**Q** 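Just dropping this structure here.
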Amino acid sequence: MSAFLARNRLIVLAYAGMVVLLLVTAMFSPGFLSVSNMRSTVVLAAFVGIVALGQTFVIIGGGIDLSVPWVLNSAAIVMALLCGGQDLPLVWVMPLLLAGGAFIGLVNGVGVAQFGVPPIIMTLATNVILQGLILVLTGGSPTPSAPALIQFLSVGRIGGFPVIALIWLALTLIATLLLSKAAFGRHLYALGTSATVAEFSGVPTARTTILTYIVSGLTAAFAGMLLTGYSGQAYLGMGDAYLFTSIAAVAIGGASILGGSGHYLGTVAGAMVLTILTGLLPALNLSSGALLVVYGAVILITVSIGSETFAGLGGRLRGRRA
Amino acid sequence: MDLVTVNGLSKRYGGIVALSEAAFGARAGEVHALLGENGAGKSTFIQILSGAVQHDGGTILVDGQDYRPANPDAAQARGIAAVFQELSLIPDLSVEQNIWFRHEPRTWLGIVNRAEMRRKTLALLEKYDFPALRPEQELRRLTLAERQIVEIAKGLAKDPRILILDEATSALPAREAEWLLKLTRQLAAEGRLVIFISHRMAEVRAIADRLTIFRNGSTVAAHEAAAVSDDEIVTQMIGRHLDRLYPERVPTMTDRVALKVANLASGSRLSGVDFSLREGEVLGVGGLQGHGQRELFQALFGATKASGAIELWGRPAAIGNPRQALTGKDGIALVPEDRRGQGLLLTKSVRENLTLSVIKRFTENGLLSRQKEAALVKEMVDFLRIKAGTPEQLAGTLSGGNQQKVIFGKMLLTQARVLLLYDPTRGVDVGTKGEIFQLMRDLAAKGYAILFHSSDMPELVHVADRVLVMRNGRIAATLEGDHISEEEILRAAMLETRAA
């Protein structure tokens with residue numbers, strides 16, 4: 001048990017932080033812990049959590065995906081346009097857009113792994129290109145409303161549980177299996193720790209890198225469709241908030257932003273923390289500007305905890321060699 | 001009077017005692033060698049002296065005054081500088097920028113005075129007769145050996161009264177190592193104290209006035225170098241009598257060809273290389289450093305692009321990357337040159353490192369089996385006698401010798417029976433060196449085929465069945481039987497080949 005705590009200290013910390021934050025918020029805002037409010041908090045956190053799933057994989061592998069806002073936004077808008085408010089077209093539109101998200105991920109991954117483009121540049125470029133394409137496509141005009149089925153997926157309930165929470169749970173299980181129980185996870189952590197050592201150990205580094213970006217494209221596109229259901233329609237700029245929150249959730253969840261460590265279970269707590277914060281700040285009568293300031297502060301604090309741990313480890317490494 | 005006097009020095013890391021009751025004394029104007037196996041406490045000792053870590057107990061006197069530096073800057077202020085094995089240089093800066101880093105000469109405006117920096121660099125390089133270094137060269141373009149030389153220049157730039165060299169020769173080719181030994185004598189003649197760590201007895205013999213021996217985290221003896229024999233030193237280092245460093249060389253070679261290389265070429269560093277490696281053979285690769293040995297090993301492993309024909313166990317092999325090299329029982333495995341940069345995930349556990357190349361061997365229906373993995377880990381930990389607290393210990397916290405064993409284990413688990421060993425004993429203590437040589441002979445007896453490069457020539461002479469000598473990216477000579485000697489290797493490496 002203590003070995004588990006030692007290895008996953010930062011993840012445990014993220015959950016502890018989440019609980020503390022819940023209690024603090026409940027103090028300022030009585031009724032925050034009510035069933036209905038917790039339900040809406042989890043629904044909002046699920047969108048962050050789903051986008052951050054792919055981001056977690058990319059960051060553990062030593063990269064970063066800045067294209068999530070407009071992959072998400074593109075999927076949302078194209079879905080609304082293709083479905084025209086009807087459920088039936090979803091049968092082919094959803095698979096098509098998931099494939100589209102995966103394709104953007106493939107482009108990102110190939111650019112990074114095969115052509116050596118720095119991840120920040122590569123994914124920023126695809127983000128801007130997608131933004132331009134969507135502006136041309138829509139001409140800025142509003143899109144039809146979201147199909148009823150997709151609304152059910154994002155705001156409906158099964159047996160009292162939000163459907164999207166169940167989807168998030170399923171995705172969390174899959175992500176955990178991939179990271180902890182599959183060869184892919186081992187390859188990914190090795191890649192993020194040292195790409196050279198991974199390569200010299202026979203790890204398929206290019207394939208693993210490309211896969212992480214594909215997963216990120218998939219989850220961003222999926223979240224875009226669900227978010228359209230939540231908002232009732234798709235609109236330009238709906239993905240912008242998810243760039244920062246997806247990366248922040250990963251960092252708060254205990255992953256090193258340099259790669260090689262972290263887990264999606266931590267990211268889940270990170271997504272919750274960020275969402276609870278957005279509930280806390282209105283209760284404190286803070287403006288949305290102040291919200292951003294606090295967001296930033298939370299990231300700084302979290303990352304400095306992480307780097308302190310890293311420095312401690314460095315000290316141990318030096319000390320034992322004699 | 002001694003320049004440095006140390007009494008009862010101790011250092012703990014949590015529950016681990018790294019150093020206890022260490023005593024030391026050294027005079028200005030001498031070269032003082034520190035000897036001991038890895039893990040004996042030498043590194044902790046010099047880390048304390050250089051201000052990298054602080055001691056828990058005991059006293060250090062420098063010039064008769066108490067000495068307890070809070071950090072390396074404070075140590076330098078007292079005239080103590082250290083050159084460590086792990087390099088501290090910044091790849092994006094030039095040679096001279098690295099040498100004067102944070103101590104750059106400045107103009108009255110506080111701006112770095114480039115002309116002055118160049119002048120001081122050239123003066124420094126000339127004064128100590130440094131092997132060809134260009135001050136403006138970007139560090140990332142330098143080889144490991146050249147970087148080590150820059151590191152030494154950086155230490156000397158501080159004009160220290162006490163210079164600590166931590167295995168500084170281990171990364172250097174023969175000629176540069178020779179220069180460094182001369183340099184230590186020159187520094188001592190200038191009245192400085194040089195504290196010198198090396199695992200090579202011949203070097204210690206060549207330069208040391210006195211030596212202090214470490215064992216199990218403490219000092220066990222100090223000697224005048226002239227008054228003690230090699231045998232006594234080794235016995236004191238390991239606490240028992242080590243019969244032989246090199247195992248008996250029983251020929252285990254068969255007629256079966258494991259690896260056949262024809263007309264292998266890579267870039268400008270390797271061309272027209274032909275040779276055969278047989279089952280049960282240890283084939284040495286020697287020559288002066290930088291004559292294509294590194295490129296040969298990397299090309300065979302698929303780590304660099306190469307042309308030419310490679311056959312493994314009689315079948316043509318296309319090796320485009322390390323993954324292809326490591327696949328299957330007919331594969332080819334590499335223990336790489338740079339243990340920390342190419343071989344090990346330092347922040348991951350011994351277990352994760354050992355099994356990284358063979359995840360398929362314990363995957364069932366797409367899921368990892370922790371029991372099967374544990375069995376593989378146990379097999380290698382037992383077979384190689386890896387000394388780790390548990391398999392979950394981080395690889396970076398192991399001693400150098402044990403780190404090297406983990407890399408061997410990782411490669412042996414792949415079941416590849418052609419092994420490429422690039423300088424596998426570099427920076428490894430005497431005891432583990434002996435174990436590695438014995439392991440090589442045992443593996444050869446089991447039918448492995450081993451290609452073995454060492455920067456330490458006696459290792460080639462005593463361990464290899466045949467030795468290929470490389471010069472200018474080609475094989476200049478193949479030495480066999482009684483012809484394998486340091487003289488013959490050097491002759492082939494440096495002189496024109498006679499008709500073979």
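Note that this is a predicted model, so its numbers are computed, not measured. Letters go in sequence order (proteins before strands), and every chain restarts at 1. Below, all heavy atoms of this structure are taken into account, side chains as well, without hydrogens, waters or symmetry copies.
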**Q** For Ile120(A), does the CD1 atom have more than 12 heavy-atom neighbours from other residues, nucleotides or ligands under 6.0 Å away?
**A**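 At most 12 heavy atoms, drawn from other residues, nucleotides or ligands, come within 6.0 Å of this atom.
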**Q** Need one label for Glu364(B): side chain, backbone, both or neither, based on atoms under 4.5 Å from any heavy atom in chain A.
**A**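 For Glu364(B), there is no contact with chain A at all, as no heavy atom is under 4.5 Å.
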**Q** Between the main-chain N or O of Ser201(A) and the side-chain N or O of Ser357(B), is there a donor-acceptor pair closer than 3.5 Å?
**A**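 Between the backbone of Ser201(A) and the side chain of Ser357(B) there is a qualifying donor-acceptor contact (under 3.5 Å).
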**Q** Of the backbone (N, CA, C, O) and the side chain (C-beta and beyond), which part of Phe362(B) lies under 4.5 Å from a heavy atom of chain A, both, or neither?
**A**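 The side chain, not the backbone.
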**Q** Of all of Thr355(B), Leu345(B), Leu326(B), which one pairs up most often with chain A through heavy atoms under 4.5 Å apart?
**A**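 That would be Leu345(B).
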**Q** Measure the CZ-CD distance between Phe301(B) and Glu199(A) for me, rounded to the nearest 0.5 Å.
**A**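 Separation between the atoms: 8.5 Å.
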**Q** List, one per line, each side-chain donor-acceptor pair under 3.5 Å for residues 173-182 of chain A, sequence neighbours excluded.
**A**
from	atom 1	to	atom 2	distance (Å)
Thr176(A)	OG1	Thr172(A)	O	2.7
Ser180(A)	OG	His263(A)	NE2	2.9

**Q** I'd like to know whether Arg186(A) forms a side-chain contact (heavy atoms from CB on, under 4.5 Å) with Leu368(B), so could you lay out the CA-CA distance, the side-chain angles of the two residues, the decisive distance to 0.1 Å, and finally the verdict.
**A** CA-CA 10 Å; Arg186(A) 291 293 178 88; Leu368(B) 307 178; 3.9 Å; yes
**Q** As an exercise: rank Leu344(B), Leu334(B), Thr363(B) by heavy-atom pairs under 4.5 Å with chain A and give me the winner.
**A**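 If we count pairs closer than 4.5 Å to chain A, Leu344(B) comes out on top.
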**Q** Side chains of Phe200(A) and Gln298(B): does their closest heavy-atom pair fall under 4.5 Å?
**A**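 Heavy-atom side-chain distance check passes, below 4.5 Å.
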**Q** Please report the shortest heavy-atom distance between Ser194(A) and Gly341(B), naming the atom on each side.
**A**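 Of all heavy-atom pairs spanning Ser194(A) and Gly341(B), the closest is OG-O, 4.0 Å.
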**Q** As an exercise, state the distance from OG1 of Thr193(A) to CD of Glu352(B), rounded to the nearest 0.5 Å.
**A**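 Reported value, rounded in 0.5 Å steps: 8.0 Å.
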**Q** If you round to the nearest 0.5 Å, how far is OH of Tyr189(A) from NZ of Lys348(B)?
**A**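 Taking NZ in Lys348(B) and OH in Tyr189(A), the distance rounds to 7.0 Å.
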**Q** Could you tell me whether the side chain of Ile359(B) reaches within less than 4.5 Å of the side chain of His187(A), counting heavy atoms only?
**A**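 His187(A) vs Ile359(B): side chains touch.
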**Q** Using atom types as modelled, flag every donor-acceptor pair under 3.5 Å from a side chain in residues 54-67 of chain A to any protein atom, sequence neighbours excluded.
**A**
from	atom 1	to	atom 2	distance (Å)
Gln55(A)	OE1	Asp65(A)	N	2.9
Gln55(A)	NE2	Asp65(A)	O	2.9
Gln55(A)	NE2	Ser246(A)	OG	3.1
Thr56(A)	OG1	Ala52(A)	O	2.6
Thr56(A)	OG1	Thr267(A)	OG1	2.9
Asp65(A)	OD1	Ser67(A)	N	2.8
Asp65(A)	OD1	Ser67(A)	OG	2.6
Asp65(A)	OD2	Ser216(A)	OG	2.7
Ser67(A)	OG	Asn108(A)	ND2	3.1

